[in-house]
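Here the structure comes first, spelled out in structure tokens, and everything after it is commentary.
What you see below is based on every heavy atom in this structure, not just the backbone, and it leaves out hydrogens, waters and symmetry mates.
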Amino acid sequence: MPYQEATRLFKALGNERRLKILRHLLDFSECSVLEAARLLGVTHPAAVKHLQCLERARCVERDRSGQYVLSRLNDESTAFLIRAVLGIV
């Protein structure tokens, strides 16, 4: 993994709010921007920025479903990494 990608990943994982989003995705498999904003207690634009950071770090992928943009974990290796970081067995 190139250093630049690793830096992006660790920056994304170094934020408590983004870790909350990732934990939510582990539990519920997908999340809209509105759900993320409510979960974090932040504005819609702030939630979008957190999700974009996770997408740049390749932790999540986003898909449009009707009028909603849904985020989900990128793959099983991401889920494994999040479980390890959060100490979830």
Side-chain angles (χ1 to χ4, degrees):
M1 177 183 291
Y3 292 118
Q4 200 171 32
E5 272 187 56
T7 300
R8 252 186 254 124
L9 173 63
F10 286 112
K11 277 186 181 181
L13 297 179
N15 181 283
E16 185 177 346
R17 288 181 171 158
R18 289 191 282 270
L19 287 174
K20 284 182 183 180
I21 292 170
L22 293 169
R23 175 59 197 252
H24 181 80
L25 292 172
L26 278 175
D27 294 339
F28 299 101
S29 78
E30 61 185 24
C31 178
S32 70
V33 175
L34 182 59
E35 287 174 301
R38 286 182 183 157
L39 173 72
L40 302 175
V42 299
T43 63
H44 186 276
V48 168
K49 287 187 179 198
H50 284 298
L51 289 165
Q52 286 173 338
C53 179
L54 291 170
E55 186 177 23
R56 281 192 306 273
R58 298 183 185 187
C59 293
V60 301
E61 54 189 26
R62 298 187 306 163
D63 291 317
R64 182 168 292 281
S65 177
Q67 64 182 8
Y68 297 102
V69 176
L70 299 175
S71 296
R72 64 183 55 83
L73 292 177
N74 199 16
D75 57 25
E76 190 55 38
S77 63
T78 302
F80 178 81
L81 176 64
I82 301 312
R83 285 187 194 97
V85 167
L86 296 176
I88 301 168
V89 179

Q: Tell me, with the steps shown, if Glu16 and Arg23 meet salt bridge (Lys or Arg N to Asp or Glu O under 4.0 Å).
A: CA-CA 10 Å; Glu16 185 177 346; Arg23 175 59 197 252; over 6 Å; no

Q. Are the side chain of Ser32 and the backbone N or O of Glu35 linked by a donor-acceptor pair below 3.5 Å?
A. yes

(Q) Can you tell me how far apart CG (Leu39) and CG (Leu25) are? Round to the nearest 0.5 Å. (A) 9.0 Å

(Q) Would you compute the distance between atom SG of Cys59 and atom CZ of Arg18 and round it to the nearest 0.5 angstrom? (A) 9.5 Å

Q.
Does anything in residues 11-43 form a ring pair (Phe, Tyr, Trp, His ring centres under 6.0 Å)? List the pairs, not counting sequence neighbours.
A. His24-Phe28

Q: Test Ile21 against every option in Asn15, Val60, Leu54 by the side-chain contact (heavy atoms from CB on, under 4.5 Å) rule and name the one that passes.
A: Leu54

Q: Output all residues satisfying ring pair (Phe, Tyr, Trp, His ring centres under 6.0 Å) with His50, sequence neighbours left out; order by chain, then residue number.
A: none

Q.
Once salt bridge (Lys or Arg N to Asp or Glu O under 4.0 Å) is applied, do any residues pair with Arg62, and if so which ones, sequence neighbours excluded?
A. Glu55

(Q) Could you tell me if the side chain of Leu81 sits less than 4.5 Å from the side chain of Leu9, heavy atoms only? (A) yes

Q: Look at atom CZ of Arg72 and say whether more than 12 heavy atoms of other residues, nucleotides or ligands are closer to it than 6.0 Å.
A: yes

**Q.** Nearest-0.5 Å distance, CD of residue Glu30 to CG of residue Leu73
**A.** 11.0 Å

(Q) To the closest 0.5 Å, what do you measure between CD (Gln52) and OG (Ser71)? (A) 9.5 Å

Q. How many angstroms lie between NE2 in His44 and NZ in Lys49, if you round to the nearest 0.5 Å?
A. 13.0 Å

**Q.** Contact summary for Cys31 and Ala36, nearest pair of heavy atoms
**A.** SG-N, 3.6 Å

(Q) I'd like to know whether Ile82 forms a side-chain contact (heavy atoms from CB on, under 4.5 Å) with Leu13, so could you lay out the CA-CA distance, the side-chain angles of the two residues, the decisive distance to 0.1 Å, and finally the verdict. (A) CA-CA 9 Å; Ile82 301 312; Leu13 297 179; 3.6 Å; yes

Q. Which heavy atom in Ala47 sits nearest to a heavy atom in Val42, and how many Å separate them?
A. N-CG2, 3.9 Å

